[in-house]
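The structure appears right after this line, and notes come after that.
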Amino acid sequence: MAVGSVQITGTGQLLELSRRLRAAGGPRLRQNMQRRIRRAAEPLHNDMRQTIRNLPIRAEPRKAGNRGGPSPTSRPLRATIANAVRLSVRTSANPGARVWIDRSALPSDLKFMPEGMNKANGRIRHPVFGNRRRWANQWTTPLWWETTVRSHTPRMTAEVARVLDDVRRQIT
């Protein structure tokens, strides 16, 4: 599973229900279904943001010598990535809930950082303060995206099934 997108869909059931909603012409019913699906996905969205904010990042110890100093940016890495996590819900074409990382909300030098932080070995390799002749390694919890999604999947699947049953009962 790639970092950046999680979709909760029961494709066949949601598509059929979406067609029936359109045929029934019930905008209030569609809004209700959309609100309940969003509510089912919000705990994952919030937990994903919290996981990123609390993700431990450890570095190699400093080498000997007179190096160091303040960071050239005042931008906090984890908070920047956490703020780019989005939730979207659709009830028309390709219905379902989607939790994803909006790369357009990330600075250009961090566009691929979420994927780098989620690697199986948890290693983040980057130039030291932009100096491409000197590189540093840092480590984080590997596969944090998949772990967070896996912990929420059973609850969300049950909740979406409950929403589908309720809406199906209202249509028929």
Side-chain angles (χ1 to χ4, degrees), residues 1-22 26-58 75-107 110-126 138-172:
M1 182 181 302
V3 171
S5 179
V6 175
Q7 292 185 340
I8 302 300
T9 57
T11 335
Q13 293 174 351
L14 283 172
L15 283 172
E16 178 60 30
L17 200 56
S18 178
R19 284 189 199 107
R20 284 186 180 176
L21 278 172
R22 239 180 284 129
R28 179 192 246 167
L29 197 58
R30 186 174 25 247
Q31 288 171 352
N32 184 29
M33 182 174 120
Q34 185 172 6
R35 179 178 41 79
R36 289 181 64 192
I37 290 174
R38 176 178 294 278
R39 207 175 280 155
E42 278 175 352
L44 171 63
H45 179 240
N46 295 335
D47 195 23
M48 192 65 73
R49 287 180 146 183
Q50 197 60 39
T51 300
I52 295 169
R53 282 191 179 98
N54 296 330
L55 206 58
I57 298 177
R58 55 188 171 76
R75 177 183 66 217
L77 172 69
R78 290 172 285 205
T80 303
I81 294 172
N83 290 335
V85 176
R86 303 281 190 256
L87 169 63
S88 60
V89 176
R90 292 179 66 174
T91 55
S92 56
N94 195 16
R98 182 175 173 220
V99 176
W100 51 289
I101 294 181
D102 183 9
R103 285 190 180 163
S104 66
L106 293 173
L110 296 180
K111 296 240 185 262
F112 298 100
M113 185 57 76
E115 286 87 353
M117 291 170 70
N118 192 52
K119 284 188 224 166
N121 63 4
R123 180 177 150 205
I124 306 167
R125 187 168 187 266
H126 61 90
Q138 290 183 294
W139 289 269
T140 187
T141 307
L143 303 175
W144 52 269
W145 184 272
E146 286 82 1
T147 306
T148 307
V149 170
R150 221 175 290 122
S151 69
H152 285 271
T153 301
R155 182 198 51 77
M156 288 185 357
T157 304
E159 180 62 28
V160 169
R162 194 174 315 124
V163 170
L164 293 176
D165 288 342
D166 290 350
V167 172
R168 196 175 291 120
R169 263 196 308 270
Q170 290 178 2
I171 290 178
T172 55

Worksheet item: Once you round to the nearest 0.5 Å, how far does CG of Leu106 lie from CD1 of Ile101?
Response: 7.0 Å

Worksheet item: Going through the distances and angles, do Leu77 and Ile57 end up as a side-chain contact (heavy atoms from CB on, under 4.5 Å)?
Response: CA-CA 10 Å; Leu77 172 69; Ile57 298 177; 3.9 Å; yes

Fill in: Glu159: side-chain contact (heavy atoms from CB on, under 4.5 Å) partners, not counting sequence neighbours
Arg36, Ala40, Arg162, Val163

Worksheet item: In chain order, what residues pass the side-chain contact (heavy atoms from CB on, under 4.5 Å) check against Arg86, with sequence neighbours excluded?
Response: Arg49, Trp100, Asp102, Ala105

Worksheet item: Is a side-chain N or O of Lys119 found less than 3.5 angstrom from the main chain of Ile124, in a donor-acceptor match?
Response: no

Worksheet item: Considering residues at least two apart in sequence or located in another chain, which fulfil the side-chain hydrogen bond (donor to acceptor under 3.5 Å, both in side chains) criterion with Glu42?
Response: none

Worksheet item: Any donor and acceptor pair, going by atom type alone, linking the side chain of Arg53 with main-chain N or O of Ala82 inside 3.5 Å?
Response: no

Fill in: Nearest-0.5 Å distance that lies between atom CD in Glu146 and atom OG1 in Thr153
11.0 Å

Item to complete: Could you list the residues that satisfy side-chain hydrogen bond (donor to acceptor under 3.5 Å, both in side chains) with Asn32, not counting sequence neighbours?
Response: Arg35

Worksheet entry | Short side-chain to backbone donor-acceptor contact, His45 and Val85, under 3.5 Å | yes

Worksheet item: Quick one: OG1 on Thr148 to CG on Asp47, what's the gap to the nearest 0.5 Å?
Response: 5.5 Å

Item to complete: Not counting sequence neighbours, which residues clear side-chain contact (heavy atoms from CB on, under 4.5 Å) with Arg58? List them please.
Response: Trp139

Worksheet item: Taking only residues two or more places apart in sequence, or in another chain, which ones meet Arg123 in a side-chain hydrogen bond (donor to acceptor under 3.5 Å, both in side chains)?
Response: Asn137

Discussion item. Is there a side-chain contact between Ile52 and Trp144 in this structure, where contact means two heavy atoms from C-beta onward sitting under 4.5 Å apart?
Written reply: yes

Response to the item:
Taken to the nearest 0.5 Å, the spacing of Gln34 CD from Arg90 CZ works out to 10.0 Å

Worksheet entry | side-chain contact (heavy atoms from CB on, under 4.5 Å) involving Pro43 - partner list, sequence neighbours excluded | His152, Arg155

Worksheet item: Distance from Ile37 atom CD1 to Arg98 atom CZ, nearest 0.5 Å?
Response: 15.5 Å

Item to complete: State, to 0.1 Å, how close Pro56 and Thr140 come at their nearest heavy-atom pair, and which atoms those are.
Response: O-OG1, 3.0 Å

Worksheet item: Of all heavy-atom pairs between Ala41 and Ala97, which one has the smallest distance, and what is that distance?
Response: CB-CB, 3.8 Å

Fill in: Side chain proximity check, Val149 to Met48, heavy atoms < 4.5 angstrom
yes

Worksheet item: Do Ile81 and Met113 have side-chain heavy atoms sitting under 4.5 Å apart?
Response: yes

